[in-house]
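Keep in mind the model is a prediction, meaning the values are calculated, not measured.
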Amino acid sequence: QVQLVESGGGSVEAGGSLRLSCAASGYTYSSLCMGWFRQAPGKEREGVAYIVIGIGSTYYADSVKGRFTVSRDSAKNTVYLQMNSLKPDDTAMYYCAATIFSTRCSGGGGYRLSSFGYWGQGTQVIVSS
């Protein structure tokens with residue numbers, strides 16, 4: 001079992017920044033692939049970024065590339081999503097997810113909900129214009 005605890009959401013004006021955190025426990029951290037997803041009201045949940053913990057490879061959806069950065073702190077078993085140059089379209093509930101089968105993240109699998117078996121509780125991000 002993997003437990004995920006998220007923090008760091010909030011409200012910010014367009015152009016501002018926020019950093020989300022996701023602390024993982026219950027499994028060998030280095031074996032995980034961890035992703036960040038978001039769901040805006042009335043829309044489907046979408047993958048925005050993911051990281052293969054063991055090798056540190058990171059991947060980004062086109063909508064956030066160049067603005068968001070996903071990183072890991074192995075000492076704290078934590079993954080971060082640094083979000084810069086935020087836009088009103090980034091407003092959503094953000095979720096952290098993990099899979100113990102990191103190969104599921106290969107070939108773009110890290111953008112698919114079905115690749116992940118463990119989810120955080122979500123944290124709200126609101127970006128005002």
Side-chain angles (χ1 to χ4, degrees):
Q1 284 279 39
V2 180
Q3 292 80 44
L4 302 173
V5 178
E6 301 177 41
S7 60
S11 296
V12 65
E13 292 185 352
S17 298
L18 285 171
R19 189 178 78 159
L20 307 182
S21 300
C22 177
S25 61
Y27 201 81
T28 305
Y29 179 72
S30 62
S31 301
L32 301 176
C33 174
M34 296 182 69
W36 287 98
F37 290 77
R38 67 185 181 185
Q39 187 167 19
K43 294 188 177 181
E44 294 185 351
R45 193 173 298 190
E46 63 173 355
V48 296
Y50 64 95
I51 180 168
V52 182
I53 299 295
I55 56 177
S57 300
T58 57
Y59 304 86
Y60 301 93
D62 288 343
S63 58
V64 306
K65 199 170 293 182
R67 301 188 298 122
F68 290 12
T69 302
V70 60
S71 62
R72 72 194 195 283
D73 183 336
S74 297
K76 297 182 178 179
N77 286 6
T78 298
V79 167
Y80 303 97
L81 185 67
Q82 178 68 44
M83 305 185 293
N84 299 329
S85 302
L86 282 161
K87 306 174 182 179
D89 284 350
D90 295 318
T91 295
M93 185 72 80
Y94 283 71
Y95 297 90
C96 170
T99 176
I100 63 175
F101 306 108
S102 59
T103 53
R104 289 183 179 177
C105 286
S106 63
Y111 299 121
R112 291 194 292 266
L113 277 71
S114 60
S115 296
F116 297 91
Y118 302 96
W119 292 83
Q121 79 281 10
T123 186
Q124 182 71 50
V125 171
I126 298 173
V127 184
S128 58
S129 57

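When the side chains of ILVMFWY residues are joined at heavy-atom separations under 4.5 Å, either directly or via intervening members, V70 and Y95 end up in two distinct hydrophobic clusters. Under the 4.5 Å side-chain contact rule for hydrophobic residues, V48 and M93 do not share a cluster. A continuous path of ILVMFWY side-chain contacts below 4.5 Å connects V2 to V79, so both sit in one hydrophobic cluster. When hydrophobic clusters are built by joining Ile, Leu, Val, Met, Phe, Trp and Tyr residues whose side-chain heavy atoms come closer than 4.5 Å, directly or via intermediates, L20 is grouped together with I51. A single hydrophobic cluster is not seen to contain both F37 and Y94; linkage of ILVMFWY side chains at heavy-atom distances under 4.5 Å, directly or through other members, places them apart.
Within the 4.5 Å cutoff, side-chain heavy atoms of V64 are placed close to those of R38. Contact of the V5 side chain with the Q3 side chain is not registered, since no non-hydrogen atoms from C-beta on lie closer than 4.5 Å.
Taking CD of Q39 as the start and CD of E46 as the end, the distance is 9.5 Å to the nearest 0.5 Å. Taken from CZ in R72 to SG in C22, the straight-line distance is 15.0 Å, to the nearest 0.5 Å. Between the CH2 atom of W36 and the OH atom of Y111 there is a distance of 15.5 Å, given to the nearest 0.5 Å. Between the SG atom in C33 and the CD1 atom in I55 there is a gap of 9.0 Å [rounded to 0.5 Å]. I53 CD1 to S30 OG: the interatomic distance, rounded to the nearest 0.5 Å, is 9.0 Å. Atom CE of M83 and atom OG1 of T69 lie 11.0 Å apart (nearest 0.5 Å).
Shortest non-hydrogen contact noted between P88 and S128 is CG-C, 4.5 Å. The heavy-atom pair separating N84 from S17 by the smallest distance is OD1-OG, 2.9 Å.
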Show me the donor-acceptor pairs within less than 3.5 Å that the side chains of residues 96-105 make with the rest of the protein, sequence neighbours left out.
from : atom 1 : to   : atom 2 : distance (Å)
T99  : OG1    : F101 : N      : 3.1
T99  : OG1    : S115 : O      : 3.3

Return all side-chain donor-acceptor pairs below 3.5 angstrom for residues 117-127, not counting sequence neighbours, or 'none' if the list is empty.
from : atom 1 : to  : atom 2 : distance (Å)
Q121 : OE1    : E6  : N      : 3.2
Q121 : NE2    : E6  : O      : 2.9
T123 : OG1    : G9  : N      : 3.1
Q124 : NE2    : A92 : O      : 3.2

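Within a 6.0 Å sphere centred on NZ of K65, other residues, nucleotides and ligands contribute more than 12 heavy atoms.
Taking K87 as the reference, nothing meets the salt bridge (charged side-chain N to carboxylate O under 4.0 Å, His left out) condition, with sequence neighbours excluded. Taking E13 as the reference, nothing meets the salt bridge (charged side-chain N to carboxylate O under 4.0 Å, His left out) condition, with sequence neighbours excluded. Every salt bridge (charged side-chain N to carboxylate O under 4.0 Å, His left out) that R67 has, sequence neighbours left out, goes to D90.
In this structure, Y29 contributes its side chain and T78 its backbone to a donor-acceptor pair below 3.5 Å.
The ring pair (Phe, Tyr, Trp, His ring centres under 6.0 Å) contacts involving residues 55-88 comprise Y50-Y59, where partners must be two or more places apart or lie in separate chains.
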